[in-house]
Amino acid sequence: MNFFDRHKKTFFLLLCAGCLVLAGITSNRLAPTFFEKTFGFVLTPFQGAITYVGDWFSARFTAITNINALIEENEALKYEIEQLKLDNSRIELLEADNEKLTGILELAEKYKAYDTTGARIIGKDPGNWYDVFIIDKGSADGLSQNMVVISDGGLVGRIKECGFNYSQVVSIIDDADAVSAVSPRTGDTGYVKGDLSNKGMCKMELIDITSKITEGDEITTSQFSSVYPEGISIGKVTSVENTSDTSTKTAVIEPGVDFKHLDSVLIITASPDTSAEEITEAVSEEITEEAEEQTENTAEAGAETEESNLDI
């Protein structure tokens, strides 16, 4: 048995006695003892310092915890914003694709006399203009050289080279090709080609000097072309001038197609000869309908005039 176990009763009695003595000393006293004052004077600054340091560390810990929470919340918000931006971009792309698809469908309906297929532009020559470009369809899709390419606004050009899954298109604003053209209003013919001195525009050459072609006239493909079907819109005349030899005229043509912002095109896959016959028939029917309508309007106007004369 150790010392503490042998004398634990004695220790307990001494502890109780000490507590009673302290209780007697501190009871009913009016002021702290000198020892207590000295002890309090020395200890209080340390207690204040310890309390200040504890409060400072507590505030820093709380601030760090709050900062970490804010950082996590900020990162979550950033991710959400990025997702919303991506969703918005996807929606905009879908809307743009929908508009392009709608435009292609409307174009196909406009040229329903032809067999056509749509294609997207996947490459182009350097520069702002789509004078030579690549589409995403080729011989595997039934395309071949010299097939005619159109877009919203009218004639684009023709397929110059045809690969297995791509084709190169040369447009009418490129000066390498010429298109046999006609003014439906006057019946005057000529050849339209790109004008390098006036990029994005075309010029119609070899117009007869007696031609009545004037500013604002529409120019279309003529019946004399072995490549382009008749009746496809090329553009409108912006100015006409006599050539230097004074035997012909030249007209500046603004294409109906926006050759700065092409994205999708329509390729006429039918035989040019067959298509020309079909479109000629369609155009003739349209002209006949307009003539009949104009005759009816004239007849109605004449009847109204006769009626007015009778009233007088």
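All of these numbers come straight from a predicted model, not from anything done at the bench. Count residues from 1 along the sequence.
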Hey, does T116 have a side-chain heavy atom less than 4.5 Å from the side chain of T269? no
Interatomic distance, CD@E215 vs NZ@K236, rounded to 0.5 Å, equals 11.5 Å
Are side-chain heavy atoms of D188 and K249 found at a separation under 4.5 Å? no
Is D152 close to V257 at the side-chain level, that is, under 4.5 Å between some pair of heavy atoms? no
Can you tell me how far OG of S180 sits from CD1 of I234, rounded to the nearest 0.5 angstrom? 8.5 Å
Is a side-chain N or O of D174 found less than 3.5 angstrom from the main chain of A176, in a donor-acceptor match? yes
Tell me, yes or no, whether the heavy-atom count around Y166 atom OH, taken from other residues, nucleotides or ligands under 6.0 Å, exceeds 12. no
Could you tell me which non-hydrogen atom of S139 sits nearest to which non-hydrogen atom of C162, and how far apart they are? N-SG, 3.5 Å
Got a sec: does the NZ of K199 have more than 12 other heavy atoms crowding it under 6.0 Å? yes
Heavy-atom nearest pair, I173 first then P255, reads CG2-CG, 4.1 Å
Is there a side-chain contact (heavy atoms from CB on, under 4.5 Å) between L70 and E73 once you walk through the steps? CA-CA 5 Å; L70 288 173; E73 184 179 358; 4.1 Å; yes
Test side-chain contact (heavy atoms from CB on, under 4.5 Å) applied to I135 and V169, step by step: CA-CA 7 Å; I135 57 175; V169 176; 4.2 Å; yes
Spacing of CZ belonging to F133 relative to OG belonging to S171, to within rounding of 0.5 Å: 6.5 Å
I need the minimum non-hydrogen distance between M147 and I267, along with the two atoms involved. CB-CG2, 3.9 Å
Between D217 and R185, is there a salt bridge with N-O shorter than 4.0 Å? yes
Nearest heavy atoms of S233 and T220, plus distance in Å: CA-CG2, 4.0 Å
Within a 6.0 Å radius of atom CD on E205, are there more than 12 heavy atoms belonging to other residues, nucleotides or ligands? yes
Are L262 and W129 linked, directly or through intermediate hydrophobic residues, by side-chain heavy-atom contacts shorter than 4.5 Å (ILVMFWY only)? yes
Gap between atom CG of D131 and atom NZ of K124 - 0.5 Å precision: 7.0 Å
Say you draw a straight line from CG of L155 to CD1 of I172; how long is it, rounded to the nearest 0.5 Å? 5.0 Å
Look at the side-chain heavy atoms of Ile, Leu, Val, Met, Phe, Trp and Tyr, link any pair under 4.5 Å apart, and say whether V192 and V182 land in one connected group. no
Does a side chain donor of either T243 or T250 reach within less than 3.5 Å of an acceptor in the other side chain? no
How far apart are the C-alpha atoms of Q83 and Y79, what are their side-chain angles, what is the distance that settles it, and do they pass the side-chain contact (heavy atoms from CB on, under 4.5 Å) test? CA-CA 6 Å; Q83 291 301 309; Y79 177 77; 3.5 Å; yes
With distance as the sole test, does T221 use its side chain to make a donor-acceptor pair with the main-chain N or O of I232 at under 3.5 Å? yes
With hydrophobic residues grouped by side-chain heavy-atom distances under 4.5 Å, do L143 and V149 end up in a single group? yes
Verify side chain to side chain donor-acceptor pair (under 3.5 Å) between T117 and K137, making sure each step is shown before the conclusion. CA-CA 9 Å; T117 183; K137 288 188 177 180; 2.9 Å; yes
Check whether any side-chain heavy atom of V237 lies under 4.5 Å from a side-chain heavy atom of V252, and answer yes or no. no
Assess whether side-chain contact (heavy atoms from CB on, under 4.5 Å) is satisfied between T238 and I253, documenting all intermediate values. CA-CA 6 Å; T238 60; I253 311 296; over 6 Å; no
Of all heavy-atom pairs between E230 and Y114, which one has the smallest distance, and what is that distance? O-OH, 3.8 Å
Any sub-3.5 Å donor-acceptor pair from N198's side-chain atoms to D195's backbone N or O? no
E80, CD atom: more than 12 neighbouring heavy atoms under 6.0 Å: no
Would you check if Y130 and K260 make a side-chain contact, meaning some heavy-atom pair closer than 4.5 Å? no
Should we count NZ of K160 as having more than 12 external heavy atoms under 6.0 Å? no
Connected-component partners of L206 among ILVMFWY, side-chain separation under 4.5 Å: Y191
Flag for E161-S167: side-chain donor and acceptor within less than 3.5 Å: no
Between CD1 of I207 and CD1 of I219, what distance do you get to the nearest 0.5 Å? 6.5 Å
V240 and I213 have their tightest heavy-atom pair at CG2-O, 3.8 Å
Between N165 and D136, is there a side-chain heavy-atom distance shorter than 4.5 Å? no
Close side-chain approach of I121 to I134, heavy-atom, < 4.5 Å: no
